[in-house]
Structure formats: C-alpha cells, structure tokens
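If you read the sequence from its start, that first residue is 1, and numbering goes on from there.
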Amino acid sequence: MARILVMIPSGEVYDHDNVRWYQHADLASHINHYHNIGDAFVFDSSLKLLNFEKLDVLPIANPDMALIDRLNAEYDYVFLRGSNYVHAEMEWNQTADVLRRLKIPVIAFGIGAQAPVSGKLELSEDTKTVLRLMADSTASLGVRGTYSAEILNEIGIKNVRIIGCPTAFRANRPDLAIKLPALDSVKKVGITLRREVSPTYAQDIKRYLTFHRDLVKSLAGRFEATLMAQGEIEEKKLALGTPEQKEEAMAALRGNEWATSWYLDEAMEALYRGRMFYSDVVADYENLVRSLDLVLGYRLHGNLMALANGTPSIYFTYDSRTVEFAETFQIPSFDVFSGQDFRLEEHWDQARFDRFNTTYAQVYAAMRDFLVENKVDTKMRAPAVRAAVAPAIPEAERKVA
C-alpha cells in the first residue's frame with residue numbers, strides 16, 4: 001500500500017482514516033475561532049477512497065528543503081485536499097518552491113474555482129504557477145465541475161478531469177441511488193445553515209438572509225428539525241458552549257447588523273437555542289444524516305454528506321460553487337435569488353432524483369478512472385457494467401411501416 005502526503009489538511013487523523021478537528025479534547029481552545037468542519041468532511045472522505053499504510057503532511061509554510069528531499073524518497077505521492085483554492089485571494093505561502101523541489105506526483109483531488117458576483121475571475125501569478133506545477137506532475141488534475149475546468153483551460157491547463165468531490169463517494173457505493181419515500185412519511189429534517197456569507201459571491205445579502213430565515217422557520221414548523229452548523233462561532237457556542245458562552249453568542253448575534261435586520265427574530269432565537277447541532281468530529285455528522293429523512297439547505301458538503309449516505313438532499317444555490325456542485329451531480333436545487341417561493345412538494349419528485357442517481361454513477365466512474373489514471377491505489381470499486389436497454393414502445397404508439 002502507498003505512503004502518502006497531504007497538502008493543506010483540515011483536522012487530525014485518528015483510527016487510520018477518520019478526521020476530527022485539531023485538539024479535539026480541548027473545545028475551549030478554538031470555540032472562539034471559526035473553522036469550516038466541511039473541509040474536514042472532504043479530508044476524511046478522501047482518505048476513505050485511498051489504500052495507504054502511511055500518511056503525513058507536506059509542509060508549505062517555511063519548508064525545510066532538506067526535509068522535502070527526504071519526503072521524495074519516502075513517499076509515493078501528494079494529494080491536495082479538495083477545496084475552493086482557485087480564487088483571487090488565495091495565498092499559497094511557499095508552495096511553488098516546494099513543488100519545484102518535489103519529484104513525486106501532486107494530485108489535485110477535486111479542487112474548485114470561485115467566481116465573483118461581478119467581473120472576471122482574476123488569478124494571481126502564484127496561483128497560476130502552483131496549478132501548472134501540479135498539472136505537470138500528474139496525468140490529470142481533478143476539479144469539481146465545468147466552471148473550474150474552464151478556468152484552468154484559460155490558463156493553459158488541458159489535462160483536467162471533472163470528478164466532483166470525494167465526499168460524494170465516501171461510502172464506496174457505485175450503485176448508490178436515492179429513492180424517495182412518501183413525503184407524508186418524512187418526520188426528521190436537517191437544515192444546513194450558512195449565516196455568514198460574502199457579498200463578493202452572493203449577489204443580494206438581504207434576500208439571502210431573509211430567505212434563509214423564512215426557510216428555517218417554515219421547515220421547523222412542519223418537521224422535527226435539526227439546525228446543522230459547520231463552524232460559525234456563535235452557532236458553535238449555542239450547540240456546545242457553556243451557559244455563559246451561549247449568552248455571549250446571542251449577544252453577538254443581536255449586535256450583528258445583518259443578523260438583526262434580516263435573520264434573527266424571536267422564533268429564530270428559540271430555534272437557535274433549542275435545535276442547534278455542531279460537532280468537531282466528521283463521524284458525528286455522518287451518524288446524524290443517517291438518522292434523518294431529509295437534509296436540505298445552504299451547506300455544500302453538509303448536503304453532500306447526506307446524499308453519500310442515501311438521505312435525500314436539496315441544495316439552495318447562491319454562488320458559483322453551489323451552482324457548480326448541483327450541476328456536476330444534477331442534484332435537485334433551488335436558486336435563492338430566483339425570486340420564487342420554495343415549495344418542497346415541487347422538489348419531492350423521484351424523476352429529479354433519478355437524474356442525480358444516473359449522474360452520480362457517471363461521476364463515480366470518472367473519479368475512479370481519475371485515480372487509476374494517476375496510479376493511485378484506490379478502494380473505489382469498479383462500477384458494474386450494465387447494458388442500456390431501450391424501453392418497450394406501447395402497442396398504440398408503434399408506427400406501421
């Protein structure tokens with residue numbers, strides 16, 4: 001089995017291929033700091049697709065080049081944990097210098113580009129250099145969708161494969177399919193929250209937050225709802241904090257102009273106090289989504305964790321990332337900025353999820369082909385070969401020659 005390095009991990013590894021946030025035993029050390037546990041979902045899921053005997057981190061900040069030389073001799077490849085790296089503000093530290101020193105392949109494992117609301121995406125020369133060095137080191141570079149592939153093509157990177165995200169395939173099920181139960185049987189619903197958002201990427205903050213608020217209240221009034229946070233400080237404190245920290249969180253929310261104007265009201269405060277979930281352990285989210293009948297909302301990886309475990313999910317798209325993900329997998333989705341009202345009944349349609357089921361199988365195969373093409377020892381099972389069968393034509397519709 002392989003000896004591998006990871007570039008830009010997100011969390012600490014335990015029991016070989018499980019991930020939790022750093023200093024897991026000491027929540028107090030980071031409850032006042034934001035981190036997106038969704039990044040840990042991707043890291044955890046990546047490890048679950050790989051056969052390896054040894055894992056370490058490739059240093060890119062203040063690297064020791066003598067150490068890099070030793071890593072060349074001791075490891076088989078590096079993978080860059082999939083995330084949103086291709087944007088105007090990305091800082092790579094000394095990554096380019098490290099990659100020039102490396103002799104082993106550096107595999108981009110489902111990376112993505114982020115488009116601004118207005119204007120063209122402008123990448124730094126450092127970002128372009130890092131991406132080209134990775135592409136030159138491997139047979140192919142894996143991206144999450146069409147937009148990301150187009151951006152790389154514009155800077156001359158042609159060996160790109162669209163592979164979605166490892167989180168979708170963490171269960172190693174090429175035949176995964178979402179089958180909808182009757183809507184009136186749905187009782188437990190998870191709502192993935194993203195209260196903090198940037199106007200650089202979301203075109204109308206007022207619409208974003210008021211729609212978010214009304215969606216949460218509507219669903220919580222109809223189902224047994226769990227609010228699923230992924231790292232905002234106030235939400236973490238309300239889920240896991242001391243009584244004093246919970247009050248600090250509510251005070252901070254009341255002091256936030258956006259929240260008080262468009263998001264927080266009496267009903268939301270009650271839901272925030274009584275229905276909030278957060279964990280520093282990826283496995284806890286997996287256990288949660290397995291217990292739910294439906295997961296929907298704003299979080300890209302929280303929703304994808306549900307789908308990977310066979311739980312129906314609906315995306316609420318609001319930026320280029322969420323749109324690209326929904327398109328890559330043909331996930332049922334609703335455009336927050338469409339000006340329309342969301343009606344769950346309209347999306348509770350097996351035909352919509354059958355499009356996801358078909359596309360999922362195709363992207364699963366693309367992900368496995370990508371890993372095989374790059375000589376990665378993978379746990380991903382080869383999809384069963386199924387011959388396409390043309391549907392029978394009803395007698396009344398047959399044309400007579």
Side-chain angles (χ1 to χ4, degrees), residues 34 36 38-39 82-91 111-124 127 143-154 162 164-165 191-219 227-235 253 255-265 268 295-304 313-344 346-347 352:
Y34 173 81
N36 181 3
D39 290 336
S83 191
N84 204 52
Y85 302 116
V86 188
H87 60 83
E89 289 78 36
M90 183 64 192
E91 296 181 1
I111 66 173
Q114 174 94 44
V117 168
S118 61
K120 181 178 173 57
L121 174 58
E122 300 290 347
L123 301 179
S124 69
T127 290
V143 299
R144 68 178 170 223
T146 301
Y147 174 71
S148 298
E150 290 172 350
I151 293 298
L152 293 181
N153 183 69
E154 288 177 5
I162 295 174
C165 175
I191 308 168
T192 61
L193 304 177
R194 188 184 181 112
R195 174 180 52 84
E196 296 182 345
V197 67
S198 169
T200 303
Y201 302 116
Q203 61 186 268
D204 182 342
I205 301 300
K206 179 180 179 180
R207 165 67 179 175
Y208 176 95
L209 287 172
T210 54
F211 181 88
H212 199 335
R213 175 198 64 203
D214 294 343
L215 175 72
V216 171
K217 292 196 297 185
S218 173
L219 292 171
L227 309 189
M228 299 169 60
Q230 281 188 208
E232 289 95 338
I233 295 169
E234 289 75 24
E235 282 79 353
L253 288 169
N256 182 294
E257 183 178 357
W258 286 0
T260 53
S261 298
W262 303 316
Y263 189 73
L264 189 68
D265 60 16
M268 284 293 283
V295 173
L296 71 175
Y298 285 62
R299 283 291 184 174
L300 192 153
H301 295 293
N303 297 342
L304 201 56
S313 185
I314 299 167
Y315 272 59
F316 288 82
T317 61
Y318 59 90
D319 65 2
S320 72
R321 298 173 316 116
T322 48
V323 169
E324 185 176 35
F325 244 78
E327 289 178 348
T328 296
F329 288 101
Q330 290 296 294
I331 300 167
S333 62
F334 179 86
D335 179 0
V336 169
F337 301 120
S338 66
Q340 304 298 311
D341 294 329
F342 173 73
R343 296 180 177 83
L344 179 56
E346 293 176 3
H347 290 75
R352 291 176 183 253

Without swapping roles, check the side chain of [X] against the backbone of [Y] for a donor-acceptor pair under 3.5 Å.
| X | Y | result |
| --- | --- | --- |
| S320 | Q114 | no |
| S218 | D214 | no |
| Q203 | F337 | no |
| T328 | R144 | yes |
| T260 | E257 | yes |

Rounded distance [0.5 Å steps], [atom1] in [X] versus [atom2] in [Y]:
| X | Y | atom1 | atom2 | value |
| --- | --- | --- | --- | --- |
| I191 | L227 | CD1 | CG | 5.5 Å |
| E232 | L193 | CD | CG | 7.5 Å |
| W262 | I205 | CH2 | CD1 | 7.5 Å |
| I314 | T192 | CD1 | OG1 | 11.0 Å |
| H301 | S83 | NE2 | OG | 6.5 Å |
| T210 | R207 | OG1 | CZ | 6.5 Å |

Discussion item. Whether the T146 and E327 side chains hold a donor-acceptor pair (N or O, under 3.5 Å, no angle test) is what I'd like checked.
Written reply: no
Discussion item. Just to verify, what does Y85 make a ring pair (Phe, Tyr, Trp, His ring centres under 6.0 Å) with, not counting sequence neighbours?
Written reply: W92
Fill in: Set of ring pair (Phe, Tyr, Trp, His ring centres under 6.0 Å) partners for Y315, sequence neighbours left out
none
My understanding is that only residues two or more places apart in sequence, or in another chain, count here; which of them pass salt bridge (charged side-chain N to carboxylate O under 4.0 Å, His left out) with [X]?
| X | result |
| --- | --- |
| R321 | D319 |
| E154 | K120 |
| E346 | R343 |

Measure across [X] and [Y] and return the closest heavy-atom pair with its distance rounded to 0.1 Å.
| X | Y | result |
| --- | --- | --- |
| A113 | S148 | N-OG, 2.8 Å |
| N36 | Q230 | OD1-NE2, 3.2 Å |
| C165 | F325 | CB-CZ, 3.2 Å |
| H87 | L121 | CA-CD1, 3.9 Å |
| Y208 | R195 | CE2-O, 4.2 Å |
| P199 | V117 | O-CG2, 3.7 Å |

Worksheet item: Between F211 and Y318, is the gap from one ring center to the other below 6.0 Å?
Response: no
Fill in: Output field: ring centroids F316/H212 closer than 6.0 Å
no
Between [Y] and [X], is there a side-chain heavy-atom distance shorter than 4.5 Å?
| X | Y | value |
| --- | --- | --- |
| Y34 | E235 | no |
| E234 | E196 | yes |
| R299 | M228 | no |
| K217 | D265 | yes |
| L264 | N256 | no |
| I151 | L123 | yes |
| I331 | S313 | no |
| L296 | F342 | yes |

Worksheet, complete the sentence: Residues at least two apart in sequence or cross-chain that pass side chain to side chain donor-acceptor pair (under 3.5 Å) with Y147, listed by chain then number, are none
